[in-house]
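These notes concern the structure reproduced below.
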Amino acid sequence: MAQTWFDRRTHAGRRWTVEELLEAKRASGQRLSVVIPARNEADTVGDVVGRIHEDFVRRCDLVDELVVIDGESTDDTARIATDAGATVHSLADVRPELGTRIGKGEAMWKAQFVTTGDLIAFVDADLTEWDTHFVPSLFGPLLTDPTVALVKGFYERPFRSGSTDDPNGGGRATELVARPLLALARPELSEVVQPLAGEWAVRRSVYETLHVPIGYGVELAALIDVADTLGMDAIAQVDLGRRAHSHQSLHDLGPMAVQLMAAVFKRTRQAVPDDVTLRQFRAAAAGYTPVVRDIDVTERPPAVQVAR
């Protein structure tokens with residue numbers, strides 16, 4: 001059954017031209033928003049925002065809103081994104097009465113309150129090798145097929161370390177955590193090539209009904225929830241080619257893994273506290289030094305429940 005879904009719902013990234021999508025957009029009357037969650041991404045956010053703005057805001061009206069949600073950056077992320085053409089919102093300034101938590105999912109959840117698009121595409125801010133065709137490719141299935149609710153991008157993910165460039169070495173959290181979890185808990189999703197892809201798109205009418213983890217579990221949770229509530233055929237995936245981004249250290253992948261596991265555990269009805277303590281160890285001259293991290297695995301309620 002999974003292979004049948006793969007054949008039906010897997011698309012080439014350049015299948016739709018911008019002109020075709022503009023026609024579909026005008027016929028449907030839908031608005032399109034691109035949201036970029038960012039925190040301390042001054043080195044890359046300007047390129048990501050600037051190129052999307054040039055191709056799909058200035059040159060044509062495919063994208064109605066280009067929004068950056070700045071997650072309390074301490075560098076020039078907000079200024080650079082503004083100068084490049086985005087509307088920038090500080091995480092703490094969006095619905096402040098709801099409080100603020102720091103995390104990628106929190107930024108994506110709060111984006112619902114400052115955007116108006118019927119279709120929302122998310123793009124990561126730390127991309128170093130990518131192409132603007134990502135945007136129309138993500139919107140393509142949603143604009144041309146009303147039965148599709150969520151679109152996942154997938155791509156070759158290289159891993160670079162010094163002079164080493166392993167074309168299949170990226171996506172360590174995907175291969176070591178997300179994919180094994182899905183094999184155990186949701187095997188029907190095993191044909192999703194990049195379950196943690198930061199480039200994905202969703203119908204607002206669907207996203208606003210989902211619980212949203214405040215951290216890195218956001219993409220995995222959305223994938224599982226849409227499959228559970230609407231079925232596999234509500235999900236499509238698009239080949240975007242090649243994508244590179246900055247890599248986290250192995251120790252920093254630990255908290256991410258906790259958030260991914262928490263999202264899956266909650267969806268298999270296992271009790272998970274909102275705060276988890278992760279204890280790691282680093283080798284030192286005098287032995288091993290413990291590193292203790294408190295990890296927030298809170299989930300935000302569906303946006304429709306807190307709409308004004």
Side-chain angles (χ1 to χ4, degrees), residues 1-6 9-10 37 101 103-106 108-109 122 124 149-157 159 168-202 206-207 209-238 243 245 247-280 293-300 302:
M1 183 174 179
Q3 186 60 47
T4 302
W5 170 85
F6 186 96
R9 292 307 203 190
T10 302
R101 296 176 180 271
K104 181 181 183 181
E106 175 82 348
M108 296 162 78
W109 180 72
F122 297 103
D124 281 349
L150 181 147
V151 179
K152 295 291 292 185
F154 68 92
Y155 23 64
E156 177 185 306
R157 295 188 66 182
F159 180 82
N168 297 303
R172 292 166 294 167
T174 295
E175 301 302 331
L176 297 175
V177 184
R179 213 179 297 286
L181 280 171
L182 291 176
L184 292 168
R186 290 293 191 280
E188 69 276 11
L189 291 168
S190 62
E191 295 296 319
V192 177
V193 180
Q194 292 287 355
L196 302 186
E199 284 64 53
W200 59 290
V202 65
V206 172
Y207 193 50
T209 68
L210 305 181
H211 288 82
V212 179
I214 64 101
Y216 287 109
V218 55
E219 286 98 0
L220 196 56
L223 183 66
I224 293 172
D225 289 346
V226 171
D228 285 353
T229 58
L230 299 177
M232 284 294 295
D233 272 352
I235 301 168
Q237 60 182 354
V238 180
R243 170 208 197 259
H245 67 134
H247 297 289
Q248 297 195 51
S249 70
L250 185 61
H251 268 73
D252 286 339
L253 290 177
M256 179 188 294
V258 170
Q259 292 178 331
L260 295 174
M261 296 176 76
V264 174
F265 285 1
K266 289 182 180 183
R267 281 151 184 81
T268 55
R269 293 180 171 80
Q270 298 186 51
V272 179
D274 286 341
D275 295 294
V276 176
T277 299
L278 176 66
R279 194 173 185 87
Q280 299 171 301
R293 304 189 191 208
D294 294 321
I295 303 163
D296 189 348
V297 293
T298 301
E299 296 199 1
R300 287 295 203 169

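Counting from 1, the numbers follow the sequence of the chain as shown. Below, all heavy atoms of this structure are taken into account, side chains as well, without hydrogens, waters or symmetry copies.
The closest side-chain heavy-atom distance from Trp109 to Val218 is not below 4.5 Å. Put simply, the side chain of Arg300 reaches to within 4.5 Å of the side chain of Glu106, judged on heavy atoms.
A salt bridge links Lys104 to Glu219: one of the charged nitrogens lies within less than 4.0 Å of a carboxylate oxygen.
For Tyr207, the ring pair (Phe, Tyr, Trp, His ring centres under 6.0 Å) partners are Phe122, Trp200, not counting sequence neighbours. Residues passing the salt bridge (Lys or Arg N to Asp or Glu O under 4.0 Å) test with Arg179 are Glu175, sequence neighbours excluded.
From Gln237, atom CD reaches atom CG of Leu223 across 9.5 Å, with rounding to the nearest 0.5 Å. In this structure, the separation between CG on Leu278 and CD1 on Ile295 is 4.5 Å, given to the nearest 0.5 Å. Note that CD1 of Ile235 and CG of Leu189 are 5.5 Å apart. Values are rounded to the nearest 0.5 Å. In this structure, Lys152 NZ and Glu199 CD are separated by 9.0 Å, a value rounded to the nearest 0.5 Å. The line from OG1 of Thr209 to CG of Leu230 is 7.5 Å long, rounded to the nearest 0.5 Å. Between the CZ atom in Phe6 and the CD atom in Glu191 there is a gap of 6.5 Å [rounded to 0.5 Å].
Closest heavy-atom contact between Pro213 and Glu299: CG-OE2, 3.6 Å. Listed here is the closest heavy atom pair of Gln280 and Gly254: NE2-CA, 3.9 Å. The two atoms that bring Glu188 and Asp228 nearest to each other are OE2-OD1, 4.4 Å, heavy atoms only. Considering all non-hydrogen atoms of both residues, Asp124 and Arg243 come closest at OD2-NH2, 2.6 Å.
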Start with the C-alpha gap between Met256 and Val177, add the side-chain angles, then the distance that decides, and say whether side chain to side chain contact (heavy atoms under 4.5 Å, CB included) holds. CA-CA 9 Å; Met256 179 188 294; Val177 184; over 6 Å; no
Worked verdict on Asp275 versus Asp294 for side chain to side chain contact (heavy atoms under 4.5 Å, CB included): CA-CA 7 Å; Asp275 295 294; Asp294 294 321; 5.9 Å; no
Decide side chain to side chain contact (heavy atoms under 4.5 Å, CB included) for Val206 and Leu150; before the verdict, give the C-alpha distance in whole Å, the side-chain angles of both, and the deciding distance to 0.1 Å. CA-CA 8 Å; Val206 172; Leu150 181 147; over 6 Å; no
Which side-chain N or O atoms in residues 257-264 pair as donor and acceptor under 3.5 Å with protein atoms at least two apart or in another chain?
residue: Gln259; atom: OE1; partner: Tyr216; partner atom: N; Å: 2.9
residue: Gln259; atom: NE2; partner: Asp296; partner atom: O; Å: 3.2

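Taking a 6.0 Å sphere around CZ of Arg101, one finds it holds 12 or fewer heavy atoms contributed by other residues, nucleotides or ligands.
Partner of Arg186 under the side chain to side chain contact (heavy atoms under 4.5 Å, CB included) criterion, out of Leu181, Val192, Leu220, Ile224: Ile224 alone.
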